[in-house]
Amino acid sequence: MKRPEIVALLAFVDRLDPGRAPQSKAAARERVEQWSILLDHVPATAQHPDGPDRSWDASRVAARHIATTPYPIKPSDIGGPWETYRRDVIGRHWDPAPAVDPDDVTAYRAALLGTRQAVAVGALPPSPQHAIEGRPSPIRAERDAAAARRLAELGSYVPRTVAQQLAEYRPHRAQRERLAAVNLPDPLDVACTWCGADPGRPCQARSIRPGKDPQQRARARRGPHPSRVEDAQAQHARRQEQETAA
């Protein structure tokens with residue numbers, strides 16, 4: 001915000017909370033100077049991609065603070081919510097390559113930062129991932145399709161919200177779902193050649209040596225055996241090669 005915008009914002013704050021307004025002109029000038037420095041990067045208003053209902057308005061943030069807390073308003077009470085708002089908007093943006101020589105690191109970085117700031121304040125709309133190449137990303141589409149297929153293979157008999165609450169009590173299942181969601185190798189997709197655990201079953205800790213004798217099985221291990229992890233990685237790589245070739 002520029003100095004006139006800071007002055008207008010503080011005047012609005014003083015009208016809402018006159019008991020905490022500065023008692024002298026010197027104190028008022030000092031406050032304006034301090035807020036101008038600390039909120040130089042924060043705009044007074046910004047348009048949100050989802051519409052005016054979610055747009056940024058520093059005066060509205062100040063009014064909400066005064067209405068919901070007994071503490072005096074500080075610059076951080078404006079700057080903090082702005083960073084949260086900014087992260088939400090920038091999180092929708094995929095940084096298309098700027099029309100700047102990439103070998104000129106300073107200019108290239110400045111162009112990226114300038115575009116991000118323009119997106120944050122609503123001067124430019126966010127560029128979704130497919131806008132970088134002008135079409136949906138085939139790599140992302142393949143990854144999402146593979147993740148959806150693996151999650152479907154795991155199956156689910158409880159609502160997602162319930163499954164999230166049960167994750168602490170079903171660590172192996174929760175880990176499998178996390179790996180499937182991001183399409184990473186899952187050791188439980190393959191059998192373990194060390195302890196003999198079948199696909200879908202956790203590895204077993206053995207007290208003597210590997211083998212098929214169930215008497216040697218003590219308890220489920222916290223993690224899979226290293227050989228099983230390597231087998232899963234190899235199978236995952238083969239699967240991706242087959243999908244790419246298809």
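Values below: all heavy atoms of this structure, side chains included; hydrogens, waters and symmetry mates excluded.
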Do any N or O atoms from the side chain of [X] and from the backbone of [Y] form a donor-acceptor pair under 3.5 angstrom?
| X | Y | value |
| --- | --- | --- |
| Thr45 | Asp57 | no |
| Arg87 | Trp82 | no |
| Arg228 | Pro187 | yes |
| Asp88 | Tyr85 | no |
| Ser76 | Gly79 | no |
| His225 | Ser227 | no |
| His65 | Tyr71 | yes |

Atom [atom1] of residue position [X] - does it have more than 12 heavy atoms of other residues, nucleotides or ligands inside 6.0 Å?
| X | atom1 | result |
| --- | --- | --- |
| Arg20 | CZ | yes |
| Arg3 | CZ | yes |
| Glu30 | CD | no |

Determine, using the 4.5 Å side-chain heavy-atom cutoff (strictly less than), whether [X] and [Y] are members of one ILVMFWY cluster.
| X | Y | answer |
| --- | --- | --- |
| Leu113 | Val89 | no |
| Leu39 | Phe12 | yes |
| Val229 | Val190 | no |
| Val119 | Val121 | yes |
| Leu38 | Ile73 | no |

How long is the span from the [atom1] atom in [X] to the [atom2] atom in [Y], to the nearest 0.5 Å?
| X | Y | atom1 | atom2 | result |
| --- | --- | --- | --- | --- |
| Gln117 | Leu124 | CD | CG | 11.0 Å |
| Ile6 | Gln34 | CD1 | CD | 10.5 Å |
| Asp189 | Leu179 | CG | CG | 9.0 Å |
| Glu5 | Leu10 | CD | CG | 12.0 Å |

Verdict with reasoning, Arg31 to Asp14, per salt bridge (Lys or Arg N to Asp or Glu O under 4.0 Å):
CA-CA 12 Å; Arg31 185 176 62 157; Asp14 291 342; 2.6 Å; yes
